[in-house]
Novice: 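Dumping the structure here so I can ask a few things about it.
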2 protein chains.
Amino acid sequence: MKKGSDNTMKDIALELGLSSSTVSRALQDHPHISQETKIKVNEAANRLGYSYNAVAASLRNSKSNTIGLIIPRISRYYQSTVITAIQNKLHEHKYNLMICQSNESHELEKELVNALYASRVEGLIVSSTLNTTDFAHFDVFSRSNRPLVFFDRVPKNYPAHKIQGDDYHGANMATNHLLTQGCRNVAFIGGPLFCNLYRERYEGYADALKGYELSPGPNRTFFHDLTKESALQSCEALFSGKRDTWPDAVFCCNDTVALAVTTYAKNRGVEIPAQLKITGYSNDPLTEIIKPTITSVEQYPSEVGTQAAGMIMNLIQQKLKPGKNYISVTIAVDLVKRDSTDK
Amino acid sequence: MKKGSDNTMKDIALELGLSSSTVSRALQDHPHISQETKIKVNEAANRLGYSYNAVAASLRNSKSNTIGLIIPRISRYYQSTVITAIQNKLHEHKYNLMICQSNESHELEKELVNALYASRVEGLIVSSTLNTTDFAHFDVFSRSNRPLVFFDRVPKNYPAHKIQGDDYHGANMATNHLLTQGCRNVAFIGGPLFCNLYRERYEGYADALKGYELSPGPNRTFFHDLTKESALQSCEALFSGKRDTWPDAVFCCNDTVALAVTTYAKNRGVEIPAQLKITGYSNDPLTEIIKPTITSVEQYPSEVGTQAAGMIMNLIQQKLKPGKNYISVTIAVDLVKRDSTDK
DNA sequence: TGCAAATATGCAATCGATTTCTAATATATT
DNA sequence: AATATATTAGAAATCGATTGCATATTTGCA
């Protein structure tokens, strides 16, 4: 073997007195090659420690067998579960996954789109940054006809395929559940409304209230990043006045916030669920750990990932020919009732 | 633009009446090209929607700017935090990361090593499968002089660079803490001893006992996969006999097990920490959520990831020239004392 | 025997960026 | 004026696998 480099098909050919065409075809089990030759080639390949060069094949075939993924953060339950599902699905099709984190930075997201395009990934799966409202940087993919699938954080007005949870229904179910349990003063803590996720959930929440001839009261709705810190600030606002102004329920748009609210209430001596009922979103395992256990909305992240990867593969293999149309798949959600809402 | 394909440097050259050599150099800001030409080339590149083809460059330069990662599962707190750190570090160096999950399957791990090698990743970061004892399938990397760094699950007798937590010390600290708190009947639940992680932790545990002239009692040590289900079985074994045969502490090798034991004990009416003290491992956020909060060992996963990625980059850039030697970095751990051990 | 069809293999171009070597100007130096 | 030295640009080979087309050999069948 030449120093520092690998044996190639040419080396096998040389060794056997064949042409590299024959070697290539033999390794692909091409019908025009005799059994005898195939055996000799495979044997020589093993003997020489030959390793297929996917980069060269990728260039020649314009086929990288790689899919790109851009996601704000991978270290959250929902996200990492989606990734696992994508990964496993793609592996069935012998595709690799190149994962990039945008760290919620719009600029970084742009950069990553271009880097992945330069790597000639055959398709791109994206959950965009919270503050991505301009999606023009994804145009490279649409222009060159490479499948582009958004999930979770999906654009409203940008033409692309989408996999979404049924956010409206999830929030609507959760809020209705709170109302059924007798709550009439239900607060809402969510992300910014320009993000589809939270807008849908807000509407599901508001419509549920409407069903009871209620509407979101003053100082009852909060829109900010869904961290513990921000959640605690909203709690301060909610529970600052006299006791009779306090809410009797809080619908939280993720489980981190639900957890923070639960902890805050407990510290404040507010009894859950008797005086305050709480629902979260995502059904993070933590909701079952804390006392009281927290009612939450199951989003079936594995299903989301499997669908996203499956759709990308179908688009690549042209089993799916949407033409100028865009497909939008809504994944059903379920409300998992637990102690925080008295079941 | 030709249908379905991208403009290349050749297209820019054609457009401007230059050669593709000049275009290549202009885009690289090569000193032998005039400012005027550079400006024209860049302008034309933008106009034509030119996109750099990293695959072609990769083939020509034998440089993929990609690192591979093989890991049993990505959807756990420790793992996903490590990945985030690796990812961010590599991005600083303009490297991409190709992530693969072995799903704890040794066969799949083999397959993934070859697939990543075929993609000509410049280095490989690995946390191996629990049942990987033969590491020969990683030879392709060592043979071709491509950096190979293991972390967490690290081989004992295989020559490679390693990033490990100080498992011995972590377990030793935790056990000593339990002993200091007065426990004299400390059980151990860990993974199989042929895995470095658990062997080290077991030794740290056993040596701590020795310091108190104790040794692991009969039916006090358990070695199995660290799931909730297995943990509950071990609990049954621990608490099957009469009350005076019960342990007064359990050292658990991960937080999932610690959680399971805590839940089991609570259901059984065993008071924590009064009658039973529990320690976990990894300092998963869940340890702070449950009541009582669980004492655990912080492994600084971000540091592990940063070190692993940093080492790979140094090896690639030859800032680190270990020659025939192998580097082993031990990441310090800390004991985080919480309610489950009465602090 | 003769011609068609089947079987097995090789030649050479291709994918797109890079780089060595060569060559053509232009400017500087004595 | 003549030679030396920058400066700028191009031609062509290269990386390794693939494949359309051409070619050579064998078998089949009338």
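Chain letters run A, B, ... following the sequence lines, proteins first, then strands; residues in each count from 1. All heavy atoms count here, side chains included; hydrogens, waters and symmetry mates do not. Small disclaimer: the values here were computed from a predicted structure and weren't measured.
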Novice: If you restrict it to nitrogen or oxygen atoms, what contacts under 3.5 Å exist between nucleotides 23-27 of chain D and the protein, and what is each distance?
Specialist:
none

Novice: Indicate whether the side chain of S144(A) and that of R146(A) have a donor and an acceptor atom separated by less than 3.5 Å.
Specialist: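 A pair is found: one side chain offers a donor N or O, the other an acceptor, under 3.5 Å apart.
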Novice: What protein N or O atoms touch nucleotides 7-10 of chain C N or O atoms at under 3.5 angstrom, if any, and at what distances?
Specialist:
{"unit_1": "dT9(C)", "atom_1": "OP1", "unit_2": "T37(A)", "atom_2": "OG1", "d": "2.9"}
{"unit_1": "dT9(C)", "atom_1": "OP2", "unit_2": "S34(A)", "atom_2": "N", "d": "3.3"}
{"unit_1": "dT9(C)", "atom_1": "OP2", "unit_2": "S34(A)", "atom_2": "OG", "d": "3.3"}
{"unit_1": "dT9(C)", "atom_1": "OP2", "unit_2": "T37(A)", "atom_2": "OG1", "d": "3.0"}
{"unit_1": "dG10(C)", "atom_1": "OP1", "unit_2": "S19(A)", "atom_2": "N", "d": "3.4"}
{"unit_1": "dG10(C)", "atom_1": "OP2", "unit_2": "S19(A)", "atom_2": "N", "d": "2.9"}
{"unit_1": "dG10(C)", "atom_1": "OP2", "unit_2": "S19(A)", "atom_2": "OG", "d": "3.0"}
{"unit_1": "dG10(C)", "atom_1": "OP2", "unit_2": "T22(A)", "atom_2": "OG1", "d": "2.4"}
{"unit_1": "dG10(C)", "atom_1": "N7", "unit_2": "R25(A)", "atom_2": "NH2", "d": "3.3"}
{"unit_1": "dG10(C)", "atom_1": "O6", "unit_2": "R25(A)", "atom_2": "NH2", "d": "2.6"}

Novice: Determine whether V329(B) and Q164(B) satisfy the following criterion, side chain to side chain contact (heavy atoms under 4.5 Å, CB included), listing intermediate values before the conclusion.
Specialist: CA-CA 6 Å; V329(B) 175; Q164(B) 298 172 262; over 6 Å; no
Novice: Working note: S302(A) + T84(A), criterion side chain to side chain contact (heavy atoms under 4.5 Å, CB included); need CA distance, chi angles, decisive distance, verdict.
Specialist: CA-CA 8 Å; S302(A) 292; T84(A) 297; over 6 Å; no
Novice: Rounded to the Å, how far apart are L27(A) CG and dG16(D) P?
Specialist: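 It works out to 15 Å between those atoms.
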Novice: Write down the distance between CE (M9(A)) and P (dG16(D)), rounded to a whole number of angstrom.
Specialist: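 The distance from CE of M9(A) to P of dG16(D) comes to 12 Å, rounded to the nearest Å.
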Novice: Roughly, in whole Å, what's the span from CG in L59(A) to P in dT14(C)?
Specialist: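 Roughly 13 Å, once rounded to whole Å.
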Novice: Give the ring-plane orientation class for F150(B) versus F138(B), where under 30° counts as parallel, over 60° as perpendicular and anything between as tilted.
Specialist: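 F150(B) and F138(B): perpendicular rings.
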Novice: For the atom pair OG1 (T81(A)) and CD1 (I74(B)), what is the distance rounded to the nearest 0.5 Å?
Specialist: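 Reported to 0.5 Å precision, the distance equals 8.5 Å.
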Novice: How sharply is the helix from dT1(C)-dA30(D) to dT30(C)-dA1(D) bent, taking the axes over five pairs at either end and rounding to 10 degrees?
Specialist: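 About 50°, once rounded to a multiple of 10°.
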Novice: Please report, rounded to the nearest Å, how far the C1' atom of dG16(C) is from the OH atom of Y117(A).
Specialist: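 Taking atom C1' of dG16(C) as the reference, OH of Y117(A) is at 13 Å.
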Novice: Rounded off to whole Å, could you give me the NZ-to-P distance for the K40(B) and dA9(D) pair?
Specialist: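 Rounded to the whole Å, the gap is 8 Å.
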Novice: Measure the distance from CZ on R60(B) to P on dA12(D) and round it to the nearest whole Å.
Specialist: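 For the pair R60(B) CZ and dA12(D) P, the rounded distance is 16 Å.
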Novice: Round to a whole Å and report the spacing from CD of Q28(A) to C1' of dG16(D).
Specialist: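 Going from Q28(A) (CD) to dG16(D) (C1'), I get 13 Å.
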Novice: Kindly compute the distance separating CD1 (I86(B)) from CE (M313(B)), expressed to the nearest 0.5 Å.
Specialist: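 Answer rounded to 0.5 Å: 13.0 Å.
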Novice: Ring-plane angle category for Y326(A) and H161(A), please: parallel below 30°, perpendicular beyond 60°, tilted otherwise.
Specialist: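 The rings of Y326(A) and H161(A) sit tilted, inter-plane angle from 30° to 60°.
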Novice: Sequence neighbours left out, what passes ring pair (Phe, Tyr, Trp, His ring centres under 6.0 Å) with H106(B)? Give chain and number order.
Specialist: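 With sequence neighbours excluded, H106(B) shows a ring pair (Phe, Tyr, Trp, His ring centres under 6.0 Å) to H137(B), given in chain and number order.
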Novice: Could you list the residues that satisfy ring pair (Phe, Tyr, Trp, His ring centres under 6.0 Å) with F194(A), not counting sequence neighbours?
Specialist: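 For F194(A), no residue satisfies ring pair (Phe, Tyr, Trp, His ring centres under 6.0 Å) once neighbours in sequence are set aside.
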Novice: Can Y50(A) and T8(A) be counted as having a side-chain donor-acceptor contact under 3.5 angstrom?
Specialist: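 Short answer, no.
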Novice: Under 3.5 Å, which donor-acceptor pairs link side chains of residues 52-60 of chain A to any protein atom two or more places apart or in another chain?
Specialist:
{"unit_1": "N53(A)", "atom_1": "OD1", "unit_2": "V55(A)", "atom_2": "N", "d": "2.8"}
{"unit_1": "N53(A)", "atom_1": "OD1", "unit_2": "A56(A)", "atom_2": "N", "d": "3.0"}
{"unit_1": "S58(A)", "atom_1": "OG", "unit_2": "K63(A)", "atom_2": "O", "d": "3.4"}

Novice: Taking CG from N53(A) and P from dC15(D), how many angstroms apart are they, rounded to a whole number?
Specialist: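 From N53(A) CG to dC15(D) P: 12 Å.
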